[in-house]
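Have a look at the structure below before the remarks.
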Amino acid sequence: MAVIYVSAIFNPLLSQTIKNQVINYSGTAIPNVVILLNGEVISETNTEGYFSLSETYQLPITLELKHPDYFLRTITVSKNNATFNLFAIENTQDLDEVVISSTYQKESKVIIPTAKISAEKFIEYSPLDLVSAINETPGVYIQSGALNTNRIVIRGVGSRTLYGTNKIRAYFNGIPITNGTGDTTIDAFDPEDIERLEIVKGPKATQYGTNLGGTLLLNSKQAVPGETYFKSNLTVGSFGFVKNNISVATADEKLALNLNYDHLETDGFRENSTYNRNAFLLTSNYTFDSKNEIGILVNFTDYNAQIPSSISKTDFEEDPSQAAFTWNAAKGFEDNKQVLTGINYTHRFTDNLSNTTSVFYTYLDHYEPRPFNILDEFTNGYGARTLFANDFKFFKNNATLSFGAEMYNDQYNWKTIENLYEENNGNGSLEGQLLSDNKEKRNTLNVFATTTLPITEKLKIQLGINFNKTDYTFTDKFNTGENNKNASRDFNPIFAPNLSVFYQYTQNLKAYLNVSRGFNYPSIEETLTPQGVINPDLGPETGFNYEVGSQIFLFKGKLQLKLAAYLIDIDNLLVADRVGEDQFIGRNAGKTEHKGVELSILYSHIFNNGFFLAPYLNAEISDNKFIDFVDGNVSYSGNKLTGVPNNKVNGGLRFGFKNFSLNTNFLYVGDMPLNDANTLYSEDYKVFNTKLSYTYNITNRLLIEVNAGLNNVLDETYASSILINAVGFGNSEPRYYYPGIPRNWFSGFKVKYSM
C-alpha cells in the first residue's frame, strides 16, 4: 500500500516558519504535491518533496493536499500533530517498494497490478451503494437482485451460481468471511466502514487461497496516530431510504480504537422488499513495544429483508415493481444475525522476520420463510491462520519469503419446515410439519508459501504454491433406518502453483505476466443426488489462468493506463441442474474458456486555481463460451457462457473546485444469454449516476458536508440481475428477471469533529 507522509517541522526561532516534506512509504520524496488553503493554492512541493508556508499563517492550520497519484485529504498542521498520510489512487508498484513487509498482512502483496477501491471511491456514490463502486472495476460484475442478493462474477467465473457468490474467497481485516461451502456475503458490511477493498482477479493470491474467481480483501477504517474524532453521516432518499453511520475513533503511538454503528432502512421500490439493518463494528490495535502488537475485531450485523424474488418477462415489462406472486403471498423474507470476531498477534523476531497469528469465530443465524418451505439454519465457524514473513537479500536486492497455513472448520445445522401460508388467511408464512433436519461439518486446510525475487534492478519474479485439503460430513437427523442419508466426502488434495513476472522498463512503463492454477469445490448440497445421497463422482472444477498486461504513466503521471489480456481454461465445470422449485443437484459438465481484454484510463489534473478534473474510463471485451458441454442428448459446446455480458463499459468525470465536488458515472452492460441454449438473451442497459458535495471547515476541528445525488438519471428499465436457466412450474412463465431500481434520489449531511 503506497502512503505519503507529511512531516512538519516547527521552529519558534523562525517566526513560525514551517518546513514540510512529502515522501512515500519507502522514503522517496514526492514532488508536485499541491497545498491548498480554502481552495486556493498556497504552496507546492519541490523536486526534493519540500514545501514551506508563509510566516503569516498561524498554527493550527487546516490544509488540503492534492496530487494526481494520491487521494485528496484535509489535514490540520499543529505543534503537536505533525504526521499525516494520503492513500494512492493506484499502487504504482515501484521497484523500491517492500513487497511483503514483516508486519501483519491485510493485502495480497501480489507483485502484478490488482484492483484497489478506496474509501474515496465509495464516497462518490450513495452510502447504500457498494455495488456500483465495485462495478467500476473491469473484469468484475456484480449482479444485484436486492440489497441482500448479490452475485459477484469475475472474468465470467461465478456466473452459474444462482443466488449468491461462491467462486471467490474474501477476508475482512485478514479474517475469512467465506464460509465452509465457499459462499461469500459482502453486503453485510457497511461501505462507510471500509477503508480499502482489494480485488485479485483469478487464483494469484496464493496466501489467501486460489479460487478460480479470485480474492476480495476488505479492510476497515482506522484512525492514524495523533487523530481522535467523532463522525456522523445521515442520508435519506427515495423509497423510504434512511441511513445513519456513527463513528468514534482515536489513536496514539500505542493504542488505536475504532467503534462504528450503522442503521439502514428502506421500503424498497418493489412489493415485499423492505430492508432493515443494524450493525456494530469494533476494531482495536495495541502496540506493546517495537516487537509485539495485538489486534481485535468484532463485527455484528442484524438485518431483516423481505424477498420479492425474480419475475417473468411479461411481469418485468408490465410492472417491474411487483414481486413474484407466491413470494408476495407468503410474505417471504430472511432474518439474519451474523457475528465475526477475531484476535491477531504479531511478533517481530528481528527486523527481517515476523509472524502474525490470528484466531477467529463466526456465527450466522438465518431464518427464511419461502413459498415452498421454511429454512431455519445456524452456522458456527472457527479457525486459525498463521503467516511468517521474512525479508532477505537476493543478488544484493531486497527479496521476501512468506509462508503459513489457515485452518477453517464450520458446523452447519439446517432444517426445512412446511410453509402453510396458503392456509394463513393472507397473513404470510406459517410453520407446519418438519420436512428435514440436517447437520454438516466442513473442514478446510490451506498451506501456502510465496517468495518474491528481484532478478535484476528491473525484473522481479514471484513464485507461490498453495496446498488445499477439504472434506465434508453430512448427518441426516430426520430420517432413520434405511432412509437415513448420513454420508461423508473426503476430496483429494489439490496443489495450485503460481508464477508472476514483473518488468519495469522505465519509471513510467511496466509490464507483467502471470500463470496460475485454481480450483472451486462443490458445496455439499451440490454433491447430493436428488435422493439425498452423496455423489462420490462429483469433484472440484480446476483451471489455469494466463494473463499479460502493462501499466503506462504519461504527462508526469497525470495520465495512467492499464491494459490486461487473459485466458482462463476451466475443466470439470460445476453446473447446477434444477430438479424442483428449490432443488438443485451439481455435476461436472465439461469445459469452459474465458478470455478477454481489460482497459483502464485515468487522467487527473489540478489547475493553479485549485480546480480538479479527473475523467476515467474502464472497459472490458470478453468471450466466454462452453468448449465441451453436453446435457443429456443436447450439446451446448461452442455456445456462449450463460449469464455473462461480453461487454461492460464504465466511466465518468470527477470535478473539484474549492469546497465543491461533483462526481458523475455511467455503466453500460451488454446483453447476455439467459439459458445454455442461447435462445434467450437479456437486453443491454445503461445507468447514469451523479452526486454533488459541499464540504466546509467551520473551525479547524469541525467539518461539515452536505451532498445530494441522483441514481439512474435516465430512468432506465433494466434487469440488475438474472436467474439463468429459469424453469416455469405448472403453467407459469419462467422467472428470469430481477428488476433494477428506477430513478431515485438521496441527500446526506455529514459532520466530523476532531479533538
Side-chain angles (χ1 to χ4, degrees), residues 122-123 125-133 142 144-150 185 187-193 232-246 260-280 301-311 315-316 319-325 327-337 367-369 426-429 687-693 705-721 737-751:
F122 291 123
I123 290 173
Y125 293 92
S126 161
L128 179 73
D129 196 356
L130 179 68
V131 171
S132 292
I142 298 187
S144 180
L147 287 175
N148 56 314
T149 306
N150 296 296
T185 305
D187 44 82
F189 299 94
D190 181 16
E192 294 188 82
D193 294 339
S232 177
N233 185 20
L234 175 65
T235 307
V236 298
S238 301
F239 310 114
F241 167 45
V242 178
K243 187 177 189 299
N244 189 24
N245 180 279
I246 299 174
N260 303 319
Y261 165 74
D262 171 65
H263 172 72
L264 167 63
E265 62 181 78
T266 177
D267 296 333
F269 81 98
R270 298 181 63 191
E271 298 174 330
N272 201 62
S273 62
T274 62
Y275 183 94
N276 191 300
R277 182 183 73 195
N278 291 284
F280 297 88
T301 305
D302 182 1
Y303 75 85
N304 183 286
Q306 291 184 317
I307 302 174
S309 195
S310 57
I311 57 177
D315 291 340
F316 174 72
D319 181 11
S321 69
Q322 62 184 301
F325 177 80
W327 282 86
N328 197 29
K331 301 186 186 302
F333 68 92
E334 64 172 323
D335 187 76
N336 285 282
K337 293 177 176 60
Y367 184 78
E368 183 179 342
N427 294 316
S429 296
V687 176
F688 180 75
N689 303 317
T690 186
K691 179 181 179 181
L692 176 66
S693 301
E705 177 186 314
V706 180
N707 59 69
L710 192 63
N711 295 323
N712 194 1
V713 175
L714 303 178
D715 202 21
E716 179 100 349
T717 299
Y718 67 101
S720 56
S721 183
Y737 301 93
Y738 288 89
I741 189 169
R743 182 189 296 123
N744 63 96
W745 64 271
F746 64 92
S747 181
F749 178 78
K750 182 187 300 183
V751 58

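- The side-chain heavy atoms of Asn744 and Phe269, taken from C-beta on, include no pair separated by under 4.5 Å.
- A donor-acceptor pair is defined here as one N or O able to donate and one able to accept, closer than 3.5 Å; no such pair exists between the side chain of Lys243 and the backbone of Ser126.
- Side-chain atoms of Glu334 never come within 3.5 Å of backbone atoms of Glu368 as a donor-acceptor pair (strictly under, hydrogens ignored).
- Counting all heavy atoms, side chain and backbone alike, Ser273 lies closest to Pro308 at CB-CG, 4.1 Å.
- Annotation: side chain of Pro127 is not in contact with side chain of Asn245 (no heavy-atom distance under 4.5 Å).
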Step by step, work out the side-chain contact (heavy atoms from CB on, under 4.5 Å) result for Val713 and Thr690. CA-CA 8 Å; Val713 175; Thr690 186; 4.2 Å; yes

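- Of the candidates Thr301, Thr149, Asn150, Ile142, Asp187 forms a side-chain contact (heavy atoms from CB on, under 4.5 Å) with just one, namely Asn150.
- At distances below 3.5 Å, not a single donor-acceptor pair connects side-chain atoms of Asn276 with backbone N or O atoms of Asn304.
- Distance check: Trp745 CH2 to Ser238 OG gives 6.0 Å after rounding to the nearest 0.5 Å.
- Tested against Tyr303 for a side-chain contact (heavy atoms from CB on, under 4.5 Å), the candidates Asn148, Asp335, Leu264 yield a single pass: Asn148.
- At most 12 heavy atoms of other shown residues, nucleotides or ligands fall within 6.0 angstrom of atom CZ in Phe325.
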Evaluation steps, side-chain contact (heavy atoms from CB on, under 4.5 Å), between Asn244 and Ile246: CA-CA 7 Å; Asn244 189 24; Ile246 299 174; 3.8 Å; yes

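- Residues Ile741 and Ser720 fail the side-chain proximity criterion, which asks for heavy atoms closer than 4.5 Å.
- Judged by distance alone, the side chain of Arg270 and the main-chain N or O of Ser309 form a donor-acceptor pair under 3.5 Å.
- Proximity of Leu130 to Tyr125: side-chain heavy atoms (C-beta onward) are nowhere separated by under 4.5 Å.
- Shortest non-hydrogen contact noted between Gly332 and Asn272 is O-ND2, 2.9 Å.
- Shortest non-hydrogen contact noted between Ala323 and Asn328 is CB-CB, 4.0 Å.
- Shown here for Ala305 and Tyr275, the closest heavy-atom pair between the two residues is CB-CD1, 3.4 Å.
- The side-chain heavy atoms of Phe239 and Thr274, taken from C-beta on, include no pair separated by under 4.5 Å.
- At least one side-chain heavy atom of Pro369 sits less than 4.5 Å from a side-chain heavy atom of Phe333.
- For the atom pair CG (Asp262) and CZ (Phe189), the distance works out to 12.5 Å, reported to the nearest 0.5 Å.
- Between Leu234 atom CG and His263 atom NE2 the span is 10.0 Å, to the nearest 0.5 Å.
- The heavy-atom pair separating Ile311 from Ala324 by the smallest distance is CG2-N, 3.8 Å.
- From Lys337, atom NZ reaches atom CG of Asn278 across 10.5 Å, with rounding to the nearest 0.5 Å.
- In this structure, the separation between OG on Ser321 and CG on Asp315 is 10.5 Å, given to the nearest 0.5 Å.
- With Phe746 as the fixed residue, the side-chain contact (heavy atoms from CB on, under 4.5 Å) test singles out one of Asp129, Leu128, Asn707: Asn707.
- Separating the OG1 atom in Thr266 from the CZ atom in Arg277 is a distance of 11.5 Å, to the nearest 0.5 Å.
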Could you go step by step and tell me if Lys691 and Ile123 meet the side-chain contact (heavy atoms from CB on, under 4.5 Å) rule? CA-CA 9 Å; Lys691 179 181 179 181; Ile123 290 173; 4.2 Å; yes

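- A 4.5 Å side-chain heavy-atom check between Glu705 and Asn233 finds every atom pair outside the cut-off.
- In terms of the ring pair (Phe, Tyr, Trp, His ring centres under 6.0 Å) criterion, residue partners of Tyr737 (sequence neighbours excluded) are, by chain and number, Phe316.
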